[in-house]
K.L.:
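Just passing along the structure, written as structure tokens.
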Amino acid sequence: MNKEEAKAKILELSKIIENHNYNYYILARPSISDFDFDMLLNELIELEKQFPDLILPDSPTQRVGGDLTKEFKTVKHRYPMLSLSNSYNIEEVKDFISRIKKIIEEDVEFVCELKFDGVSISLTYENGLFVKAVTRGDGTQGDDVTTNIKTIHSIPLRLKGNYPDFFEMRGEVIMPHKSFNNINAEREDLGLQPFANPRNAAAGTIKLQDSKEVAKRKLDAFCYFMMMDDDKMIFNTHYESLAAAKQWGFNVSNFMAICNDVDDIEEFINYWDEKRKELPFDIDGIVIKVNNFKQREILGFTSKSPRWAIAYKFKAEEAHTKLLSVDFQVGRHGTITPVANLEPVQLAGTIVKRATLHNADFIEQLDLHYDDIVSVEKGGEIIPKITSVDLKSRKDNSSKVHFIEHCPECGTKLIKAEGETAWYCPNTLGCPPQIKGRIEHFISRKAMNIESLGEGKVEVLFDNDLIKDYSDLYNLTYDNLFGLEKIIVVDDENQENTIRKVSFKEKTANNIIDAIEKSKSVPFARVLFALGIKYVGETTAKLIAKAMGSIDNIINASLEELTDIEEVGEKIALSIKEFFADERNINIINKLRESGLQFEQEEKEVNENQVLSGMSIVVSGVFNTMSRDEIKQLIEDLGGKNVSSISKKTSFVVAGDKMGPEKRKKAESLGIEIKSEEDFLKMIRNTTSETTTSSGTQGVLEFEF
Ligand code: IVH
């Protein structure tokens, strides 16, 4: 394809993809299957790789993330980001309306909207293109989080229709319950502290350095306020402005209403106080705004907030009940989580019997005693939390809740890592819930995918001494399995205990044996993830497998070699070293190896011009002709290894503009060559064309510089 054709194709694909994106994320009316969507996106990614200078500023490929933000730039807001004054009951709303009516003598219309519980954001659009996203910060200046915000599918990158040349859109970035629960499950699984609520999770996510990770967390956003210079404002009312914003492609909530008096407003508040439980995201109140812009101008602002709007805050969903006992649960990494058993109480439509107590510090802060009357709150999370204790109702002789010192399952003395809040049981390979948890992780879908062994079956095999660790799975026979059964008690979503019979009938036993056999061809990256090394999630395992190539290379890697891998910091590297330092883990790996599992990265189609083979290269700075990721990809394709820090082993540094001064100093002091972008590309062109001629292959590499 020549450049002209590529340009037209890139434009066409971008338009088609963004239109499907709009149908899915804004209109909630999908117009293509996930598979077909991915095919289109991949086609565009490939074309952009071939013709990097044709990448459009609003390319939908940016939604997948990839660019890193080392430091978020501080940006001054063109229009300050004010907050709203709060009200907590309808009397305060009435006072707000009377204050307005005293100043505005004509009829006043109000718009009632949901108050989204997330992180406010200011989005700048120039000539229909999304150019900048800035957090609220202190209201005067905030952080530039543009790269991360581009991954949010409901934020348009290019507008449709008849929009003004320049304006800002204000809105809220939120984390839907589904994303929140997925992320927390994954974090707990990896031994990381879960986020306390969706708002914190959204705030933490938009400040991540890796936009690819942001993309994975699936944030969403609603827009609720248009800002432009007063003399440019083309609308008379807020409602009209949001209706237009919707036409231009913004995600504006359908749940808003024009209200003429306090009765209408009260009805809206009461309706949503009840209905909010059914929303797939958190709201913490209702915002009431004067609709007419001229009236807003007359009302003006106080130093902190507009006089034309107020927030009505809902009371948190709360119930009071008695603490009966505390269980200490042991996770697959040995982390001990205290869980309160409560006298059953009705809360937000469900009966609550248990609530998380997070960790030892939390129990200490609450000064929790048995039989205390506690307040329980429910946000977006599945497990409710205890927020306070009613000290007045505490009996004199009640005893304090003490965190345990020994593992409730195996009796081992608990330990605590420096700087961490969680206590854990160090008996990794001998503590039953840790062993079972590890096996359950090993068989899970994203790991070895032996899911026919799920739902309590691992426990049955463990109790029958058929498996002591995951390597024993590969010695199981049909005869071992057939006929096994056990009655187990499981906790359902409503915290109800349900009794289930787990039995291994003919079909189940056969399916399990088949799935175990099939798992022998699961690629190395997934095997590495399946091993269940603390902090090594799916993505990290992929990056490690790709960088190191085999399990032996990982076992023998130094701490420095591990931290050189993208996304691997010292914490992860130390955890990997600790895992492989244990002889018992090595034995398990050897058994798995004998069973035929994949412990080497499959050779991918190799570019014949491996001119960078054996070289460790550091890429630093901002580049003109290609993005940093593209340069890194090129290095990999040509057999080189990307490393993040400069050491004596570094072959050379490819430096773009703004290479960090520290890096430059280090390279110079170690005598490592620094190549400019141009020199690097020239070197590749020369060496690849040399090899091409000498090996007689043609057209293996085609570069557009
Ligand atoms: S309007 C001049 N509308 O609540 C203030 N804010 O303290 C314009 N929020 O910082 C804000 N939902 O982050 C507005 N429908 C909504 C909102 C909303 C949530 C947040 C926003 C703001 C805070 C108010």
Side-chain angles (χ1 to χ4, degrees), residues 77-88 92-93 96 100 110-123 133-143 145 149 152 154-155 167-176 197-203 205-207 219-228 230 233 235 237-239 241-243 245-246 250-259 265 268-269 271-273 275-276 279 281-293 295-297 299-314 379-380:
H77 292 297
R78 181 179 176 114
Y79 314 105
M81 281 182 88
L82 300 176
S83 61
L84 297 171
S85 55
N86 289 326
S87 62
Y88 298 91
E92 287 175 349
V93 176
F96 161 74
I100 288 174
F110 296 93
V111 178
C112 285
E113 295 168 15
L114 305 184
K115 185 171 184 308
F116 305 99
D117 196 7
V119 184
S120 51
I121 195 85
S122 172
L123 311 168
V134 185
T135 61
R136 180 168 186 275
D138 62 5
T140 317
Q141 54 182 35
D143 288 327
V145 286
I149 293 299
I152 303 177
S154 46
I155 291 184
F167 68 98
E168 280 185 22
M169 198 69 203
R170 299 275 161 91
E172 200 87 351
V173 173
I174 54 156
M175 181 168 285
N197 53 49
R199 187 193 338 105
N200 287 5
T205 303
I206 62 168
K207 294 298 294 290
L219 293 167
D220 202 347
F222 282 100
C223 292
Y224 46 62
F225 189 33
M226 192 186 293
M227 300 243 22
M228 60 184 94
D230 286 346
M233 181 45 92
F235 302 105
T237 66
H238 172 66
Y239 198 87
S241 72
L242 290 190
K246 201 168 198 165
F250 288 103
N251 193 28
V252 176
S253 169
N254 289 327
F255 306 134
M256 49 196 270
I258 294 187
C259 297
I265 295 174
F268 190 89
I269 290 175
Y271 177 82
W272 281 107
D273 198 2
K275 275 281 179 201
R276 68 182 157 126
L279 287 171
F281 49 82
D282 279 358
I283 60 170
D284 61 340
I286 296 297
V287 181
I288 305 145
K289 300 171 182 171
V290 167
N291 194 18
N292 186 296
F293 286 143
Q295 293 178 346
R296 282 190 184 186
E297 218 177 302
L299 290 162
F301 297 82
T302 69
S303 61
K304 276 191 249 135
S305 50
R307 288 202 187 84
W308 43 259
I310 196 169
Y312 174 95
K313 298 271 271 189
F314 292 135

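Position 1 is the first residue of the sequence; numbering continues from there. Each ligand, and each atom within it, is numbered from 1 in the order the structure gives.
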K.L.:
Any nitrogen or oxygen of V287, main chain or side chain, under 3.5 Å from a nitrogen or oxygen of ligand 1?
P.N.:
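No, V287 has no N/O under 3.5 Å of an N/O on ligand 1.
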K.L.:
Considering only heavy atoms from C-beta outward, does the side chain of V134 approach that of D143 to under 4.5 Å?
P.N.:
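Contact flag for V134/D143 side chains = no.
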K.L.:
Please indicate whether any nitrogen or oxygen in V119 is less than 3.5 Å from any nitrogen or oxygen in ligand 1.
P.N.:
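It does not: no N or O of V119 is found under 3.5 Å from an N or O of ligand 1.
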K.L.:
Give the contacting part of L114 toward ligand 1: side chain, backbone, both or neither, where contact means a heavy-atom distance below 4.0 Å.
P.N.:
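The part of L114 near ligand 1 is the backbone, not the side chain.
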K.L.:
Kindly indicate whether the side chain of M256, heavy atoms from C-beta on, has any atom under 4.5 Å from the side chain of Y239.
P.N.:
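Yes, at least one pair of side-chain atoms sits under 4.5 Å.
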K.L.:
Which heavy-atom pair separates S87 from V93 by the least distance, and what is that distance?
P.N.:
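Where S87 meets V93 most closely, the heavy atoms are OG-CG2, 3.7 Å.
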K.L.:
Which protein non-hydrogen atom lies closest to atom 10 (O) of ligand 1, naming both residue and atom, and how far is it?
P.N.:
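The closest heavy atom on the protein side is S120 OG, 3.9 Å.
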K.L.:
Using only atom types and a distance under 3.5 Å, with no angle test, would you say the side chain of E172 pairs donor to acceptor with the backbone of G118?
P.N.:
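Yes; judged by distance alone, with no hydrogens or angles, the pair exists.
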K.L.:
Heavy atom to atom 3 (N) of ligand 1, shortest distance: which of M256, M81, K289 holds it?
P.N.:
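Considering heavy atoms of M256, M81, K289, the nearest to atom 3 (N) of ligand 1 sits in K289.
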K.L.:
Under 3.5 Å, is there a donor-acceptor pair between the side chain of R136 and the main chain of S120?
P.N.:
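Absent.
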K.L.:
Would you call the rings of H238 and F293 parallel, tilted or perpendicular if under 30° counts as parallel and over 60° as perpendicular?
P.N.:
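Ring orientation, 0 to 90° scale: perpendicular.
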K.L.:
Pick, from Y224, Y79, F116, the option with the minimum heavy-atom distance to atom 18 (C) of ligand 1.
P.N.:
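Of the listed residues, Y224 has the closest heavy atom.
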K.L.:
Quick test: of every protein heavy atom, which one is nearest to atom 7 (O) of ligand 1, and how far off is it to 0.1 Å?
P.N.:
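In this structure, atom 7 (O) of ligand 1 has L84 N, 3.1 Å as its nearest protein heavy atom.
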K.L.:
Please classify the P306 to ligand 1 contact at 4.0 Å (heavy-atom distances, strictly less than): side chain, backbone, both or neither.
P.N.:
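Just the side chain.
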K.L.:
Below a 4.0 angstrom heavy-atom separation, can you tell me which part of E172, side chain or backbone, both or neither, approaches ligand 1?
P.N.:
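Within the 4.0 Å criterion, E172 contacts ligand 1 through side-chain atoms alone.
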K.L.:
Give me the ring orientation class for W308 and F301: parallel if the planes are under 30° apart, tilted from 30 to 60°, perpendicular past 60°.
P.N.:
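It falls in the perpendicular class, over 60°.
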K.L.:
Give yes if a backbone or side-chain nitrogen or oxygen of R136 is under 3.5 Å from a nitrogen or oxygen of ligand 1, and no if not.
P.N.:
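No.
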K.L.:
Please work out whether the ring planes of W272 and F255 are parallel, tilted or perpendicular, with thresholds of 30° and 60°.
P.N.:
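Aromatic pair W272/F255 classed tilted.
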K.L.:
To the nearest 0.5 angstrom, please state how far the CZ atom of R296 sits from the OG1 atom of T237.
P.N.:
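Those atoms lie 9.0 Å apart.
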K.L.:
Identify the protein heavy atom lying closest to atom 8 (C) of ligand 1, giving its residue, its atom name and the separation to 0.1 Å.
P.N.:
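For atom 8 (C) of ligand 1, the nearest protein heavy atom comes out as F225 CD2, 3.8 Å.
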K.L.:
Give the residue and atom name of whichever protein heavy atom lies nearest to atom 4 (O) of ligand 1, and the separation in Å to one decimal.
P.N.:
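Here the nearest protein heavy atom works out to K115 NZ, 3.3 Å.
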K.L.:
Distance under 4.0 Å to a non-hydrogen atom of S83: what atoms of ligand 1 satisfy this?
P.N.:
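Every atom of ligand 1 under 4.0 Å from some heavy atom of S83: 7 (O).
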